Amino acid sequence: MVSYDSEVTYQLRDLNDWRFPGTSLAVLGFPVRHSISPAMHNAAIADLAAKDSQFSEWRYFRFEVEPEKLPQALPQFFEKGFFGLNLTVPHKEIAFGLITSIDSAAVEIGAVNTLKRGPDGYYGYNTDGYGLSKGIEEDLSASLAGSDIAILGAGGAARAAAVQALQSDCQSLCIVNRSADRLENLLGSLQPIAREKCIPVKGFSAQDTSLEFADHTLIINATSLGLNSSDPLPIPEDRLPQTAALYDMIYNPRTTKLMKTVSDRGGRSANGLSMLVYQGLRALEIWSDRKIDPRNMKQAASSALASKA
Ligand code: NDP
């Protein structure tokens, strides 16, 4: 009898004789060893199962899948009966091109992070924007709606944040990025929704001397600067508004240099753990069709992170 362990990082070859008797869910990424999603989801599933026995055989696993193998991997997960999948770096954009049925919010973002099994294949969603919005509400008592927003970065996470900000009717949106081509590309793809909603959208390079934010600007760091303690700030300190509110999508380390700088200047800052929790919570709600209590997920995410420190 094969045993299945949600602490293990499985490989694609492990799918060949996958016979987990319950309902399998998984996160796919490359690398994925660091992912705390299994701990977070299995805690929430245990809570669900305590109230409803139909969830007692649900289990969430972790699979390392190389990006070039994703096109062959998704049909294999489907064939092996996986009910739900989460996609993390670098699969969100790749999977978007492989899935035919996609939720309208994910279409705007051009990336999917959650797949749910349908009769003929997976249906794609993106729950990152929901996670960001809930995280900002909870940790900063702020709202994307009606705010002047500055997003640092123009990668996948920045794109999800920008679409969410526009869909939430922010007051204005400013995007700051190192490379001009990625910035232009993002600005161009946001134009239709910005025009429809009459929301001004501007772009700047991080070193642009004309870069200036109003005092109440809500800053979202969606660059990977801050993952390492030696990283420079994503924008020069003198560009930061005096009393900024900062949501840094990075959650490991728990306090980035940018968060500390903003706090030292009298602003408020929060890390991205709540975004991670709420994007996962929304995915589990989509799969289970149940309302999920965030408390167990938060607790499990914090413990899993602490054990990795
Ligand atoms: P991408 O690789 O798609 O984008 C990375 C971004 O960081 C780009 O804008 C890139 O700029 C910028 N960047 C990277 N290195 C540098 C550097 N040395 N100097 C200046 N800019 C730099 O990554 P993602 O968008 O997927 O993720 C971005 C961050 O968000 C990561 O830290 C990730 O962990 C976090 N994240 C958190 C989530 C959560 O749930 N809390 C969810 C998703 C992401 P350029 O275009 O110039 O290369």
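When a ligand or atom number is given, it counts from 1 through the structure's own listing order. Quantities reported herein were computed from a predicted structural model and do not represent experimental measurements. Values reported hereafter were calculated over all heavy atoms of this structure, with side chains retained and with hydrogens, waters and symmetry mates removed.
- Using a 3.5 Å distance cut-off with no hydrogens or angles, the side chains of S189 and R159 do pair a donor with an acceptor.
- The N/O atoms of M249, backbone and side chain alike, include one that comes under 3.5 Å of an N/O atom in ligand 1.
- For atom 27 (O) of ligand 1, the closest non-hydrogen atom of the protein is A157 CB, 3.8 Å.
- Following chains of ILVMFWY side-chain contacts shorter than 4.5 Å, one cannot reach L87 starting from F30, and the two form parts of different hydrophobic clusters.
- Each of the atoms 45 (P), 46 (O), 47 (O) of ligand 1 lies under 4.0 Å from some heavy atom of S179.
- Contact annotation: A154 has at least one heavy atom less than 4.0 Å from an atom of ligand 1.
- Salt bridge present: K298 and E138 bring a charged side-chain N and a carboxylate O closer than 4.0 Å.
- Of the protein's heavy atoms, G155 CA, 3.6 Å lies nearest to atom 4 (O) of ligand 1.
- Taking every heavy atom of Y251 and a limit of under 4.0 angstrom, the matching atoms of ligand 1 come to 41 (N).
- The protein atom (non-hydrogen) at minimum distance from atom 17 (C) of ligand 1 is R178 NH1, 3.2 Å.
- Ring-centre distance between Y125 and Y123: below the 6.0 Å cut-off.
- Taking all heavy atoms of N177, N221, T223 into account, the minimum distance to atom 9 (O) of ligand 1 is reached by N177.
- Using a cut-off of 4.0 Å between Lys/Arg side-chain N and Asp/Glu carboxylate O, D128 and K92 are scored as salt-bridged.
- Not one N or O of L227 is nearer than 3.5 Å to an N or O of ligand 1, by distance alone.
- Using a 4.0 Å cut-off between charged nitrogen and carboxylate oxygen, K291 and E285 count as a salt-bridge pair.
- Side-chain rings of Y10 and W18 approach one another, their centers coming within less than 6.0 Å.
- For ligand 1, the polar-atom distance check against G156 finds a nitrogen or oxygen pair separated by under 3.5 Å.
- Of all protein heavy atoms, the one closest to atom 20 (C) of ligand 1 is L225 CD1, 3.4 Å.
- Near G153, with a cut-off below 4.0 Å to any heavy atom, the atoms of ligand 1 are 9 (O).
- Under the 4.0 angstrom criterion, atom 34 (O) of ligand 1 counts as lacking any protein heavy-atom contact.
- Checked against F83 for a ring-ring contact (aromatic ring centres under 6.0 Å, His included), the options Y122, F20, W58, F55 give a single hit: W58.
- Ring orientation note: the planes of W287 and H41 are tilted relative to one another, at an angle of 30° to 60°.
- Residue contacts with ligand 1: D128 is placed with no nitrogen or oxygen under 3.5 Å of a nitrogen or oxygen of the ligand (distance criterion only).
- No continuous path of hydrophobic side-chain contacts links L85 to Y60 [ILVMFWY only; heavy atoms under 4.5 Å].
- Taking atom 5 (C) of ligand 1 as the reference point, the nearest protein heavy-atom neighbour is S224 OG, 4.0 Å.
- Using a cut-off of 4.0 Å between Lys/Arg side-chain N and Asp/Glu carboxylate O, K257 and D231 are scored as not salt-bridged.
- The protein reaches atom 39 (C) of ligand 1 closely, with a heavy atom under 4.0 angstrom from it.
- Other residues, nucleotides and ligands contribute at most 12 non-hydrogen atoms within 6.0 Å of the NZ atom of K69.
- The protein atom (non-hydrogen) at minimum distance from atom 8 (C) of ligand 1 is R182 NH1, 3.5 Å.
- The protein atom (non-hydrogen) at minimum distance from atom 28 (C) of ligand 1 is A222 O, 3.3 Å.
- Within a 4.0 Å radius of atom 23 (O) of ligand 1, the protein has no heavy atom.
- Among protein heavy atoms, atom 42 (C) of ligand 1 sits closest to M275 CE, 3.8 Å.
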